[in-house]
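Remarks on the structure that follows.
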Amino acid sequence: MPNNTNTYIAELKGKTGQEVTLAGWLYNSRASGKIQFLIIRDGTGLCQCIAEYGKVPDEVFDKLKHLGQESSLTVTGVVRAEERSVGGFELAVTGAEIISPAVDYPITPKAHGIDFLLKNRHLHLRSQRQWCIGKVRHTVVDAIRRFFNDNGFTLIDTPILTGIIGEDAGSLFEVDYFGESAHLTQTGQLHLECAAMSFGRVYCFGPTFRAEKSKTRRHLTEFWMVEPEVAFIDLAGLLELAENFVSFVVGQVLEKNESELKTLGANIESLKKIQPPFYRLTYTEAAEILKSKKTQDFLAAQLNEFKSQKQQIEKKIGELENEAKGSVKQWRADKIAAELIELRSELEETGTKIENNPKHAKLAAEFEWGKDLGGSDETIISLMHNKPVFVTCYPKEAKAFYMKADSPRFAGEAGRSNDKVVLNFDMLAPAGFGEIIGGSVREDDYEMLLERINKQGLNAENYDWYLDLRKYGSVPHGGFGLGVERTVAWLTGEKHIRQCIAFPRMMDKIYI
RNA sequence: UCCCCGAUAGCUCAAUUGGUAGAGCGGGCGGCUGUUAACCGCCAGGUCGUAGGUUCGAGCCCUACUCGGGGAGCCA
């Protein structure tokens, strides 16, 4: 980099004993009379810098003492290994230069509400948690491109403004296109299929828009999706591709972001288990599992666990409240108050789980063949497994028009007649996280496809070009889509998908 | 769209259940040479979301509205 003699915090390893200059922002500072602990962040990491009275010029010492959080500065000092310090290294400060002081930075090192943080998203991105998630996301995106690029896939950029409906007409964002109606893409799949007939193996990767009225921790109206599409592939081939792909992405994150995962409190051990093969269930088998006694027992056991969790939390709250009533030191009272806030929100969450459990049990028990798998059904299946689960061959009626009807190979034991199911699959992330991939073999027969289009009340004229693919050298083909934010949320253990994209767009709300 | 919860200092939350609005963090000043969301002392900081109503008296009760959170349905 030109004209930059500064050292990045990530490069401190191996510079022990050398004098270096860091350029960054003041993340936090603690002063203790004649010694100051300044934590600097520079985008590559955090480093504690020690300013001792007498070892830096007096006016520098004074300036640092009154410097506000997030002020930008350069700090010069000697690197030394120090176990007690974040990152294992610290700087013995010999000099510092303030670039731009910050006053009254709104995001303090204490707790904040989510609305406040989203309104301050432009600043919240600087926080450690958001930084770690951003790093993991970067690795996920890089791994996605790497996997497909290294496996013979060609990148095709599919349009964002489209005139064709890929998924559900109810979740479209309408755009005025010079007086005509157009909308934002819900999937690149249909265009991608065209490209697959030219390049064989292709993928697209970009933002996707769905105007779903979904106010949940799993939904965004704008999210990033990668979609591979392969000519000459069957369902078994797609599953293999998907499990190799996901395992590669997880492996890359484990390799490159271990410290971020640790900071975020992700379950690293369970991620290490993500290796092919994943579990495979047909929809029919999944439906039977849902209705089985095993599932009811599983849910009942879970309910008991939730209840005992609740009791434990309540007991702890009681204990803390009692302690707070007695005479305690101010600092202890504060700690108790903070703990109580956390425990109460945990209690509320557990209460919701207890409330939902019987509903989910009922939904599962009364599950009827032919319905789509609901969110709670997916959660149950996913909770019962420690690796991702493929659920294949859903009823045709519940699925999109372009999915190919079943063949005997995938019909499953239950032996429903083949034409009632389609050759699709969902991939459910383990431990209750739920769906992160949806895909299918595409209908490649002209007549069958036309029939499905008409049956779903779509205007066949709009799909002329799509039907043409079945006219001129049609081949079996298929693909899938993986949601980036959901994947990042799963890997990082982040509860809400909105934290997994820098500037989230949610239902009815764009903050900045 | 439906159900539940919330709105009090810049931020996170209290307020003995209708009787003078409080604490921590953050900010300012001071103290402390190994802190880890440091700690200790002092100071400043409020039209209790908005509009009505009940009452001698409302942060607290009632009605409407606005905004936010959580969940359901649907999905990547």
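Every chain is numbered from 1, with letters handed out A, B, ... down the list of sequences.
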Worksheet entry | Pairwise P distance, B:C5 and B:C42 [rounded to whole Å] | 41 Å
Practice prompt. Mind calculating the distance between CG (A:D115) and C1' (B:C5) to the nearest angstrom?
Written response: 15 Å
Discussion item. Please give the distance between the C1' atoms of B:C60 and B:U20 as a whole number of Å.
Written reply: 16 Å
Discussion item. Evaluate A:R280 against A:E243 for salt bridge (Lys or Arg N to Asp or Glu O under 4.0 Å), listing each step before the verdict.
Written reply: CA-CA 11 Å; A:R280 286 159 166 77; A:E243 68 190 356; 3.1 Å; yes
Practice prompt. Both distances under 3.5 Å, Watson-Crick or G-U wobble: report the partner of B:G46, or none.
Written response: none
Discussion item. If you count heavy atoms of other groups shown closer than 6.0 angstrom to NZ of A:K387, is the number above 12?
Written reply: yes
Worksheet entry | Salt-bridge contact A:R129-A:E494 (side-chain N to carboxylate O under 4.0 Å) | yes
Discussion item. Only pairs with both distances under 3.5 Å count, Watson-Crick or wobble alike; so what is the partner of B:U63 in this structure?
Written reply: B:A51
Response to the item:
RNA chain B nearest-nucleotide lookup for A:K359 and A:R486: closer to the 5′ end is A:K359
Fill in: Gap in Å between the two P atoms, one belonging to B:C2 and one to B:U54, rounded
31 Å
Worksheet item: Does A:F223 stack onto the base of B:A76, taking stacking as ring centres under 5.5 Å apart and planes under 30° apart?
Response: yes
Worksheet item: For atom C1', what is the distance between B:U55 and B:G18, given to the nearest Å?
Response: 9 Å
Discussion item. Checking one value: the base orientation of B:U33, syn if chi is within 90 degrees of 0, otherwise anti.
Written reply: anti
Worksheet entry | Length of the line joining A:F480:CZ and B:C75:C1', which is rounded to integer Å | 18 Å
Produce the list of close N/O pairs, under 3.5 Å, pairing protein atoms with atoms of nucleotides 11-14 of chain B; give distances to one decimal.
residue: B:C11; atom: O2'; partner: A:A111; partner atom: O; Å: 3.4
residue: B:C11; atom: O2'; partner: A:H112; partner atom: ND1; Å: 2.5
residue: B:U12; atom: OP1; partner: A:G113; partner atom: N; Å: 2.9
residue: B:U12; atom: O4'; partner: A:A111; partner atom: O; Å: 3.3

Discussion item. Looking at A:E90 and A:R80, is any side-chain nitrogen of the basic one under 4.0 Å from a carboxylate oxygen of the acidic one?
Written reply: yes
Worksheet item: Could A:K63 and A:E59 be called an ion pair, given the rule that one side-chain N must be under 4.0 Å from one carboxylate O?
Response: no
Item to complete: For B:A38 versus B:G26, give the span between their C1' atoms, rounded off to a whole number of Å.
Response: 15 Å
Worksheet entry | Between B:U36 (C1') and A:I40 (CD1): distance, integer Å | 15 Å
Worksheet item: Which part of the nucleic acid does A:E52 contact within heavy-atom distance under 4.0 Å: base, sugar-phosphate only, or nothing?
Response: base
Discussion item. When you measure from the side chain of A:R201 to the backbone of A:N151, do you find a donor-acceptor pair of N or O atoms at a distance under 3.5 Å?
Written reply: yes
Worksheet item: Between A:R41 and A:E70, is there a salt bridge with N-O shorter than 4.0 Å?
Response: yes
Worksheet item: Would a line drawn from the ring center of A:F153 to the ring center of A:F147 be shorter than 6.0 Å?
Response: no
Practice prompt. Would you kindly give the CG-to-P distance between A:N356 and B:C3, to the nearest whole Å?
Written response: 16 Å
Fill in: Atom P, compared across B:C61 and B:U17: separation rounded to whole Å
13 Å
Fill in: Pairwise P distance for B:A21 and B:A58, with rounding to whole Å
12 Å
Worksheet item: Between A:R30 and B:A38, does any side-chain N or O lie under 4.0 Å from OP1 or OP2?
Response: yes
Worksheet item: What does A:R80 touch in the nucleic acid at a heavy-atom separation under 4.0 angstrom: a base, only the sugar-phosphate, or nothing?
Response: base
Worksheet item: Across the strands shown, which category fits A:S85 at heavy-atom distances under 4.0 angstrom: base, sugar-phosphate, nothing?
Response: nothing
Worksheet entry | For B:U33, the Watson-Crick or wobble counterpart (both distances under 3.5 Å) | none
Fill in: Pairing partner of B:G57 (Watson-Crick or G-U wobble, both distances under 3.5 Å)
none
Item to complete: May I ask you to verify whether the side chain of A:Q48 and the base of B:U35 hold a donor-acceptor pair under 3.5 Å?
Response: yes
Item to complete: Compare the minimum distances between each of B:A76, B:C32, B:G73 and the side chain of A:S376, then state the nucleotide with the smallest one.
Response: B:G73
Worksheet entry | Check: A:Q189/A:Y402 side-chain N/O donor and acceptor closer than 3.5 Å | yes
Worksheet item: What does B:U20 pair with, Watson-Crick or G-U, if both distances are under 3.5 Å?
Response: none
Fill in: Rounded distance (Å) that lies between atom P of B:U35 and atom CG of A:L26
19 Å
Discussion item. Below the 4.0 Å mark, does B:A38 have OP1 or OP2 next to a side-chain nitrogen or oxygen of A:N28?
Written reply: yes
Worksheet entry | B:G26 pairs with, by Watson-Crick or G-U criteria that keep both distances under 3.5 Å | none
Worksheet entry | Pairing partner of B:A72 (Watson-Crick or G-U wobble, both distances under 3.5 Å) | B:U1
Worksheet item: Considering only B:C74, B:U35, B:C75, which nucleotide approaches the side chain of A:R84 most closely?
Response: B:U35
Worksheet item: Looking for any heavy atom pair under 4.0 Å, which part of the strands does A:E82 touch: base, sugar-phosphate only, or nothing?
Response: base
Response to the item:
Taken to the nearest whole Å, NZ/A:K495 to C1'/B:G70 is 12 Å
Worksheet item: Charged N to carboxylate O under 4.0 angstrom, A:R137 versus A:E485?
Response: yes
Worksheet item: Checking only heavy atoms, does the side chain of A:R498 share a donor-acceptor pair with the base of B:G70 at less than 3.5 Å?
Response: no
Discussion item. Whole angstroms only, please: what is the CD-P distance between A:Q36 and B:C39?
Written reply: 17 Å
Item to complete: For the side chain of A:K34, starting at C-beta, report the closest nucleotide among B:U33, B:A76, B:C74.
Response: B:U33
Discussion item. Once you apply a heavy-atom cut-off of 4.0 Å, does A:L482 come out as touching a base, just sugar-phosphate, or nothing?
Written reply: nothing
Fill in: Side-chain donor/acceptor contact of A:E90 with base of B:G34 under 3.5 Å
yes
Fill in: Watson-Crick or G-U counterpart of B:A9, or none if no pair lies under 3.5 Å
none
Worksheet item: Can you find a side chain N or O atom of A:R218 that sits less than 4.0 Å from OP1 or OP2 on B:A72?
Response: no
Practice prompt. For nucleotides B:U8 and B:G46, find the distance between their P atoms and express it as a whole number of Å.
Written response: 15 Å
Practice prompt. Please report, rounded to the nearest Å, how far the C1' atom of B:A76 is from the CD atom of A:E229.
Written response: 16 Å
Item to complete: Would you mind classifying the nucleic acid contact of A:I39 as base, sugar-phosphate or nothing, using non-hydrogen atoms under 4.0 angstrom?
Response: nothing
Discussion item. Looking at A:K371, I want to see if its NZ is surrounded by more than 12 non-hydrogen atoms of other residues, nucleotides or ligands under 6.0 Å.
Written reply: yes
